[in-house]
Amino acid sequence: MPDLTNLKTSCHDTKNVASHDKMRKPEWLKIKKGEMRDIIEVEKMLSANQLHTVCREANCPNRMECYGNKTATFLIMGPNCTRGCRFCNVTKEAPLCLDSEEPARVAQAVVELGLKHAVVTSVTRDDLADGGASHFVAVIRAIREASPGTSVEVLIPDLRGNWDALEVIMTERPDILNHNVETIERLYPEIRPEAVYTRSLELLKRAKAMQPDILTKSGLMLGLGETEEEVLKLLSDLRAHEVDLVTIGQYLPPSAEHYPVKEYVHPEVFELLSKKGMAMGFQDVSSGPLVRSSYNAGKVYDQIQDQGRA
């Protein structure tokens, strides 16, 4: 196993390849697929309930596997985002009016899927005064009423730094509060021009201060041109802001129009980053090429709960 001395020396560098959408992906990026019967069943149920999932809207590579396992990550407040992050496949069109019936439909889907751990995220809604915080609360309440034994993880936008809106969500006490930093600070102007690295870190720290016993979580992607030192600094920043859980995955551009992948990071590098992250004091670092924010989120939550009981 190579030392983690430089991410670029441990990766398949693709920065000089013009047609990145036509590149052959390495063997370790082959996608698992679930049972077609279960996939069709989940698709029908989501359609019947008029629900969106980040699995489909963001073109997640694990969608077929997760649907095959009868799980999904709910995308609330419509499919249209008010921001233009260059890595994201979510539609950048005029946002829709909030649907007051959506929380009940999400809860019904949780029941139909038999989810023990529900993950709820949203597009960024800078057009809303509270960034959608009250809608998150309505969804959490609906899930808990319909399925009291289900834990709820929310993956929220940065709310434009509206800490009163954050407190509205934290007062509802989701089991996990997730907010992704996505990438290193240097790349924010190029990849996330409407986001602020320090604001994301502050959100995570404030969330922990508001409800110290609630798990906080964040995620990042590799393969965007970052260096080892920058990744380790990002992890150190997250830990300094009292984040408990981290996910690290490979960036895969949804299309040729999106930000190009610069390198395919070898699985051994992900493993070494996980070890280094755990040594920093995180409760869990899920790190691998196909890891995403909500991938196997329920298993991680159960493991943390089991460790706490032990």
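Residue numbers count from 1 along this sequence.
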Would you check if the side chain of [X] reaches a backbone N or O of [Y] as a donor-acceptor pair within less than 3.5 Å?
X      : Y      : answer
Ser122 : Phe136 : no
Lys25  : Leu29  : no
Asn162 : Asp164 : yes
Gln250 : Gly223 : no
Thr247 : Val285 : no

Taking the basic N atoms (NZ, or NE/NH1/NH2) and the acidic carboxylate oxygens, is any pair closer than 4.0 Å for [X] and [Y]?
X      : Y      : value
Arg105 : Asp99  : yes
Arg206 : Glu167 : no
Arg141 : Glu145 : no

Using side-chain heavy atoms (C-beta onward) and a distance below 4.5 Å, is [X] in contact with [Y]?
X      : Y      : value
Leu222 : Val231 : yes
Val291 : Ile248 : no
Asp237 : Val181 : no
Tyr264 : Leu252 : yes
Ser287 : Leu273 : yes
Thr121 : Ile76  : no
Lys262 : Tyr259 : yes
Leu75  : Val123 : yes

Just verifying a value: how many Å separate [X] [atom1] and [Y] [atom2], rounded to the nearest 0.5 Å?
X      : Y      : atom1 : atom2 : answer
Thr216 : Met170 : OG1   : CE    : 8.0 Å
Glu229 : Leu234 : CD    : CG    : 13.5 Å
Thr198 : His241 : OG1   : NE2   : 8.5 Å
Leu272 : Lys275 : CG    : NZ    : 6.0 Å
Ser286 : Lys217 : OG    : NZ    : 7.0 Å
Met280 : Leu232 : CE    : CG    : 5.0 Å

Inset, instruction - Carefully, step by step, assess Val300 and Asp302 under the rule side chain to side chain contact (heavy atoms under 4.5 Å, CB included). - result: CA-CA 5 Å; Val300 171; Asp302 287 344; over 6 Å; no
Inset, instruction - Quick one: sort the Tyr188 and Tyr197 rings into parallel, tilted or perpendicular, breaks at 30° and 60°. - result: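 Judged by the thresholds at 30° and 60°, the geometry between Tyr188 and Tyr197 is perpendicular.
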Under a 3.5 Å threshold, yes or no: a donor from one side chain and an acceptor from the other, between [X] and [Y]?
X      : Y      : value
His179 : Ser200 : yes
Asp127 : Thr82  : no
Gln303 : Gln307 : no
Glu230 : Thr227 : yes

Can you see which heavy atom on [X] is nearest to which on [Y], and at what distance?
X      : Y      : result
Met221 : Tyr251 : SD-CD1, 3.8 Å
Gly225 : Arg186 : O-NH2, 3.0 Å
Val111 : Ala146 : CG2-O, 3.7 Å
Pro254 : Cys88  : CG-C, 4.5 Å
Phe74  : Leu113 : CZ-CD1, 4.2 Å
Leu166 : Ala207 : CD2-N, 3.9 Å

Can you list the residues that meet the side-chain contact (heavy atoms from CB on, under 4.5 Å) rule with [X], with sequence neighbours excluded?
X      : result
Asp213 : Arg173, Gln211
Gln283 : Leu215, Asp244, Leu245, Ile304
Lys299 : Asn296
Arg83  : Cys81, Thr124, Asp126, Asp158, Arg160, Glu194, Ala195, Arg199

Legend entry - By ring pair (Phe, Tyr, Trp, His ring centres under 6.0 Å) - contacts of Phe282 (at least two apart):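 Here no residue qualifies.
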For residues [X] and [Y]: do they belong to one hydrophobic cluster (side chain heavy atoms under 4.5 Å, members Ile, Leu, Val, Met, Phe, Trp, Tyr)?
X      : Y      : value
Val106 : Ile156 : yes
Ile143 : Met77  : yes
Val110 : Val137 : no
Leu98  : Ile140 : yes
Trp28  : Val269 : yes

Inset, instruction - Could you walk me through whether Asn178 and Val154 pass the side chain to side chain contact (heavy atoms under 4.5 Å, CB included) test, one step at a time? - result: CA-CA 6 Å; Asn178 189 353; Val154 293; over 6 Å; no
Inset, instruction - I would like to know whether Lys116 and Tyr301 meet side chain to side chain contact (heavy atoms under 4.5 Å, CB included); could you show each step before the answer? - result: CA-CA 10 Å; Lys116 298 170 91 176; Tyr301 180 72; over 6 Å; no
What side-chain donor-acceptor pairs closer than 3.5 Å can you find for residues 128-135, not counting sequence neighbours?
| from | atom 1 | to | atom 2 | distance (Å) |
| --- | --- | --- | --- | --- |
| Asp130 | OD1 | Gly132 | N | 2.9 |
| Asp130 | OD2 | Ser134 | N | 2.9 |
| Asp130 | OD2 | Ser134 | OG | 2.9 |
| His135 | NE2 | Glu102 | OE1 | 2.8 |

Inset, instruction - Start with the C-alpha gap between Asp175 and Glu153, add the side-chain angles, then the distance that decides, and say whether side chain to side chain contact (heavy atoms under 4.5 Å, CB included) holds. - result: CA-CA 6 Å; Asp175 296 281; Glu153 175 175 336; over 6 Å; no
